[in-house]
Structures are given as C-alpha cells and as structure tokens.
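First up is the structure itself, then whatever we jot down about it.
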Amino acid sequence: MKTAIRADVFQDLKGVGCPMNLVKTKVAFAKMESGQILGLILDNGPPINNVPRSVIREGHEILSQEQLADGTWSVLIRKA
Amino acid sequence: MQITVNGETEELQEPAVNLSRLLELRRVESPEMVAVQLNGEFVDMTNYPTTFLQAGDDVDFLYFMGGGSS
Amino acid sequence: MIDFTEEQLERYSRHILLDDVGVAGQEKLLQAKVIIVGAGGLGSPAALYLAAAGVGTIGIVDSDVVEVSNLQRQIAHFSADIGAAKVESAAAKMQAINPDVEVRTYREYLCAANIRKILAGYDFVIDGTDNFPTKFLVNDACVFLNIPFSHGGILRFNGQTMTVVPGQTACYRCSFRSPPPPDAVPSCAQAGVLGAVAGMLGTIQAAEALKHITGAGELLTNTLLTFDARTMAFRRIRLKKQESCPLCGPHPVITELADVERTVCTVQ
C-alpha cells in the first residue's frame with residue numbers, strides 16, 4: 001500500500017537506537033508548525049515498537065506506518 | 001481538649017494551655033529556635049503567654065534551621 | 001531555536017525525553033542564569049546538578065577556602081582542593097561535568113552593601129548559606145529584586161526547604177520573622193550533620209530551580225518541606241503570605257537592606 005501524503009520534514013533514523021531516535025523526533029517536531037507532517041524511517045524491533053507509541057502519547061497523529069523491503073519502517077506523523 | 005500539633009492530634013489534659021505552656025509540654029528546649037504558627041497565622045513570641053489554645057486549633061512549630069555551607 | 005549539537009542532544013536526551021521539559025525546556029535551561037549562595041553542603045550538590053542540567057550561567061558565591069572537615073558533605077570539593085577557594089574548587093568540577101556552562105565566581109562574603117549587585121540579573125537564587133543573618137539578607141534582597149529563590153537549612157538529621165516567589169507566595173520572613181538570637185543557634189560545627197542530608201536538601205533545591213526555569217510541575221511555594229532522615233519522615237507544612245510580614249506584607253517596616261549583628265562584612 002502506497003501513501004500519497006508527502007512529508008514536510010524527513011528524518012532517516014536507520015541505525016539510531018532508543019532513546020536517541022525519540023530525542024531526534026522531538027527535536028524535529030520542535031522546529032515544525034502544527035499540522036505539518038514528519039516522515040521517519042525507523043528500525044524494526046524496539047524503535048518501531050516505541051517511537052510511535054511515545055509520539056501518540058504526546059498528542060501527535062500517526063497517519064501511516066509501513067514496513068519497507070529492507071525491514072525498516074516508514075512512518076508519517078502529523079504534528080499536533 | 002483536642003488540638004493538632006505538627007500535624008498530629010494531641011489531647012491536652014490541662015485546662016487553659018497557652019503557647020508558652022504548650023512549648024514546655026512538648027519539651028521544646030530552645031523556644032527561640034522555633035517560630036509558631038497557629039491556624040496558619042504567625043504568632044509573635046511576646047504573645048505566647050496570652051495566646052490560649054482552643055479545641056480544634058492547629059499548631060505548627062517551625063524550627064529555625066540554619067546550616068548549609070561551612 | 002537553538003541548534004543542538006549531536007553531543008548536546010545526547011547529553012540532554014533524558015531532559016528532552018521528558019514531556020514537561022522537552023526541547024523547549026532544555027533551551028530555557030541553557031539560557032537561564034542561576035546563582036548559588038554558599039559553595040558548601042547545600043551549594044555543592046546544587047552546583048553539580050545545575051551544571052549537569054545545562055543551566056547556561058551559574059553564579060556561585062562563597063568567601064571560604066576548602067577545609068578537611070568540609071569533605072564529609074560538601075561533595076564539590078575533593079581532598080586535593082584543601083586550601084583552595086571554594087568557589088574555584090566548585091567551578092572546576094562544574095566545568096568538568098559540563099563545558100557548556102559559564103560559571104561566574106564571587107569570592108565574597110554577602111552583605112547588604114554587595115548583595116544587590118551580585119544577585120541582580122539572575123533568574124533564580126539558591127540559598128545554601130550557613131547562618132541566619134545571611135539567610136534573612138538573601139530573602140530580603142530577593143524580595144526587593146523580585147527574584148524567586150529556594151531557602152534551605154539543615155541540622156543534624158533534619159532538613160527544611162521552601163521556595164519563594166516574591167510578591168506572590170510566603171517569604172521566609174512571613175514565617176520566621178527575624179534571625180534567632182545568636183547565642184541560641186547551634187551551628188553545624190557544634191551540632192553536626194549527616195553528610196547525605198546536605199545532599200538530599202541541596203538536590204531538592206536544584207530541582208526547584210530546574211522546575212522554575214522550565215515551568216515543569218508546581219513549585220514548593222507556600223509550603224515548608226521538612227524531613228527527618230532518622231525515620232525518613234517527610235512533612236509539608238502549609239504556609240501563607242502573612243499580612244503581618246514586616247517585609248512583604250501590606251505595611252512593611254523593612255524597606256531597605258541591612259546587615260544583622262554578627263554579619264562580618266568586608267567589601268573588597
């Protein structure tokens with residue numbers, strides 16, 4: 001399934017473990033306007049299990065989450 | 001008569017207990033090192049003898065604590 | 001917004017992760033100015049934690065030199081520092097923990113003549129002094145300069161602390177009025193103090209400074225927190241701004257800073 005939504009800001013967090021992936025996600029959000037979309041690439045395992053959950057807890061909205069061919073995940077989040 | 005002293009309920013056995021007497025009953029060694037608060041209001045030391053406790057009063061002894069540096 | 005370096009992101013990651021601090025809170029910390037009065041038992045842990053937290057500018061005031069009897073509780077000073085100025089000893093440790101921090105040292109004894117000039121411009125004051133005249137002077141100066149501060153005191157196994165937001169919450173004089181007579185006062189030197197009690201109290205004071213700067217949580221205002229480390233019983237005593245306060249009440253009698261007896265003061 002391909003999504004048509006375009007990210008305003010993109011961060012490739014491949015190889016970035018917990019919790020620095022969440023730290024970098026928060027820094028990216030801090031520079032964005034409300035309603036803008038952040039695209040992330042997250043590793044499989046703890047990163048994909050933890051980062052979206054924390055992002056939801058802070059009130060942001062996960063628009064899509066899909067696993068790529070190399071096993072990493074592409075996640076689109078709308079800033080609250 | 002029941003009052004609260006430092007957050008704990010205390011039964012006063014004597015009638016007409018003023019703040020000076022309460023400090024004695026509580027064995028406060030140096031009253032100069034305590035500020036007294038009665039029902040949330042500061043009471044000046046000179047008024048201890050004339051301040052008599054009533055049932056339900058809430059008394060706090062605030063200890064002067066000065067250490068910190070040397 | 002500050003552009004954090006990769007190292008800063010790692011260094012402050014545990015703050016940035018906190019919802020109540022976050023990126024914005026860490027930026028505020030890096031731009032904040034806090035001054036610590038006394039580089040002793042309370043000032044040591046406060047100085048180390050504030051430096052570690054990345055408080056951008058930290059002032060530290062003390063006229064003493066490090067003595068061997070300090071080392072049981074004044075954890076910013078090491079055995080090799082004996083004889084060194086406490087402010088220099090503390091500053092070296094703060095810089096070693098975090099080179100982001102600018103430390104300003106004041107090797108002076110605070111008194112009515114110099115306190116305004118030293119405290120002015122700081123966002124928060126930590127009172128880690130060892131004597132009542134200076135504690136009252138810090139309170140009065142903070143009220144006049146409108147600077148929030150944390151009062152702290154320790155004795156034997158006990159500690160007490162309260163945070164004052166001048167004009168809004170109870171000040172130290174609201175509850176304690178004036179210094180006790182000097183002959184009634186047991187000093188740490190005479191009475192002793194459990195070293196870790198200084199750490200507990202100074203660390204609470206540091207947390208209050210960090211909360212004030214970041215806006216996280218609720219400050220320890222209108223409340224005297226006391227504890228007894230023998231039982232680890234903590235108690236919160238409700239305080240309120242007193243109409244009868246000679247300093248911050250509606251009819252103040254203290255309208256200027258003055259040294260109380262026994263405050264030795266030499267202005268360099």
Side-chain angles (χ1 to χ4, degrees), chain A residues 6-65 70 72-80, chain C residues 1-34 48-58 94-102 123-124 203 206-207 209-219:
Chain A
R6 220 191 92 256
D8 296 296
V9 177
F10 178 77
Q11 281 228 311
D12 184 352
L13 298 176
K14 212 180 292 177
V16 181
C18 298
M20 284 310 292
N21 45 21
L22 182 57
V23 170
K24 293 196 168 187
T25 302
K26 293 183 75 148
V27 171
F29 274 132
K31 293 177 180 166
M32 292 167 60
E33 305 285 327
S34 173
Q36 283 193 306
I37 292 162
L38 174 66
L40 296 179
I41 301 292
L42 292 170
D43 284 339
N44 197 24
I48 190 61
N49 289 333
N50 287 291
V51 174
R53 201 194 304 161
S54 303
V55 159
I56 291 167
R57 194 169 51 91
E58 286 175 37
H60 309 297
E61 183 191 356
I62 306 285
L63 300 176
S64 72
Q65 186 170 314
D70 65 354
T72 62
W73 291 77
S74 170
V75 183
L76 288 174
I77 310 157
R78 193 198 311 273
K79 184 180 168 172
Chain C
M1 175 181 156
I2 298 174
D3 273 315
F4 290 99
T5 64
E6 282 294 310
E7 195 205 295
Q8 284 178 316
L9 286 183
E10 294 239 15
R11 180 184 287 275
Y12 305 121
S13 58
R14 269 49 174 187
H15 274 165
I16 293 171
L17 288 167
L18 287 172
D19 290 351
D20 290 341
V21 179
V23 177
Q26 188 60 50
E27 279 183 17
K28 288 179 188 163
L29 291 173
L30 287 164
Q31 285 156 359
K33 295 178 178 175
V34 176
L48 299 182
Y49 272 109
L50 293 183
V55 171
T57 306
I58 306 174
M94 293 156 79
Q95 297 283 3
I97 291 175
N98 190 349
D100 284 351
V101 172
E102 182 193 335
D123 304 314
F124 194 87
T203 305
L210 299 179
K211 283 163 56 189
H212 170 71
I213 296 161
T214 59
E218 288 168 29
L219 293 174

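As the structure is a prediction and not an experimental result, all values here were calculated from the model.
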* Heavy atoms of other groups near Y49(C) OH, more than 12 under 6.0 Å -> no
* To do: Sort K24(A) into side chain, backbone, both or neither according to what part of it lies under 4.5 angstrom from a heavy atom of chain C.
  => side chain
* To do: Using heavy atoms and a sub-4.5 Å threshold, report which of residues 18-30 of chain C line up against chain A, by residue number.
  => L18(C), D19(C), V23(C)
* To do: Can you run down the ring-ring contact (aromatic ring centres under 6.0 Å, His included) pairs that involve residues 19-46 of chain A, sequence neighbours left out, and say none if there aren't any?
  => F29(A)-H60(A)
* Asked: Shortest non-hydrogen contact from V23(A) to L9(C)?
  -> CG1-O, 4.0 Å
